Number of protein chains: 2
Amino acid sequence: MLDPTTLESVSRLFKVLAEPTRLDLLQHLNRGPLTVSELLDATGQKQANVSKQLGLLFTAGLVSRERDGNLVRYAIADPMVFDLCELVCGKLRSDAERQLASLPRRARAKRG
Amino acid sequence: MLDPTTLESVSRLFKVLAEPTRLDLLQHLNRGPLTVSELLDATGQKQANVSKQLGLLFTAGLVSRERDGNLVRYAIADPMVFDLCELVCGKLRSDAERQLASLPRRARAKRG
DNA sequence: TGACAATATTGCTATTTGGTGATATAGTCA
DNA sequence: TGACTATATCACCAAATAGCAATATTGTCA
């Protein structure tokens, strides 16, 4: 049983992961460290927003950053993120399968 | 690499977990199924709010429910939740330890 | 120094949502 | 049927925040 303070901390971490844009940034960084500009290209988001979301990920301790001249290179600081996503994706898959299985046969096939 | 739709689904699930009240409900249910009234007592929240948050957990497929006469009994539908929380708690612990280790010796001891 | 490029920050708006009181719904018991 | 209990829903408000345009900051290069 977790006390209220810990529940707050746990929920704060989940909140950081509860945004598609930030998940997208993380999954690009999963290939390896990237600069902000590279993440702009990769995600198609505006500069201000990418910078802001990276700041949140950094504050949460999920990514690290390092200046390289004029650039700033971000990297995954805690690979735990991907274990989490793995679990969630697994649930999504099994939910989808369950729903598929509950459909009548006739409704299932798409074309053949 | 997850497509935008999947990122959306993943983030939606994280969002459900990103609230202390809902985490509290889940951890009480982890002991076993409970009625709404029992959850009212356990959490100290108002009835309308508990009902609302349970509804969200139900929609997300994290809990199941079952009428029992006048009562409605909720139960954990997907124990994956606790694997997730375990990972997050582990990170919180290691972050705390890292921060502790980075403090100067003098500042560490509380009283002796 | 000045011109330029990369990143961060600020001020803002629109949207979302947790919590609430009031009310509706569904079930029990007489 | 009516009185009562348990749960759900409604309408609302206040707080949080994603995204944006504009601007500030920090670094490079001449």
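Below, chains carry the letters A, B, ... as their sequence lines are ordered, and counting in each starts from 1. These numbers come from a predicted model, not from an experiment.
Donor-acceptor pairing under 3.5 Å is recorded for the side chains of Asp3(A) and Thr6(A).
Glu66(B) places its CD atom 18 Å from the P atom of dA6(D), with the value rounded to the nearest Å. In this structure, the CG atom of Asp24(A) is 15 Å from the C1' atom of dG19(D), given to the nearest Å. Regarding Asp68(A), its CG atom lies at a distance of 12 Å from the P atom of dG27(D), rounded to whole Å. If you take CD of Gln45(B) and P of dT7(D), they are 16 Å apart, rounded to a whole angstrom. To the nearest angstrom, P of dA8(D) lies 13 Å from CZ of Arg73(B). One can place CG of Leu39(B) at 13 Å from C1' of dA6(D), the figure rounded to the nearest angstrom.
Considering only side-chain N and O atoms, Arg65(B) lies under 4.0 angstrom from the phosphate OP1 or OP2 of dA8(D). Of the side-chain N and O atoms in Arg22(A), one or more sit less than 4.0 angstrom from OP1 or OP2 of dA18(D).
Mapping Thr35(B) and Leu56(A) onto DNA chain D by nearest heavy atom places Thr35(B) at the nucleotide closer to the 5' end. Take the nearest nucleotide of DNA chain D for Asn70(A) and for Lys15(A): the residue whose nucleotide is more 5' is Lys15(A). Nearest-nucleotide mapping onto DNA chain C: of Leu71(A) and Asn49(A), the residue sitting toward the 5' end is Leu71(A).
Heavy-atom minimum distance, Leu13(A) versus Val88(B): CD1-CG1, 3.9 Å. Across every non-hydrogen atom of Leu23(B) and Phe14(A), the tightest pair is CD2-CE1, 4.4 Å.
Base contact: Gln47(A) has a heavy atom under 4.0 Å from a base atom. Note on Glu19(A): only backbone sugar-phosphate atoms sit closer than 4.0 angstrom, heavy atoms only; bases stay farther off. Using a 4.0 Å heavy-atom distance criterion, Phe58(A) is classed as making no nucleic acid contact.
Under a 3.5 Å cut-off, the side chain of Gln27(B) and the backbone N or O of Leu2(A) do form a donor-acceptor pair.
Considering only heavy atoms from C-beta on, Leu39(B) comes within 4.5 Å of Leu25(B) through its side chain. Here the side chains of Val50(B) and Leu54(B) are in contact, with some heavy-atom distance below 4.5 Å.
Chain A approaches DNA chain C within less than 4.0 angstrom (heavy atoms of the protein), and the contacting nucleotides run 5' to 3' from dA5(C) to dT9(C).
Between the base of dA18(D) and the side chain of Lys52(A) there is a donor-acceptor pair shorter than 3.5 Å.
With Tyr74(B) as the partner, the side-chain contact (heavy atoms from CB on, under 4.5 Å) test is satisfied by one option alone out of Val36(B), Leu62(B), Leu34(B): Val36(B).
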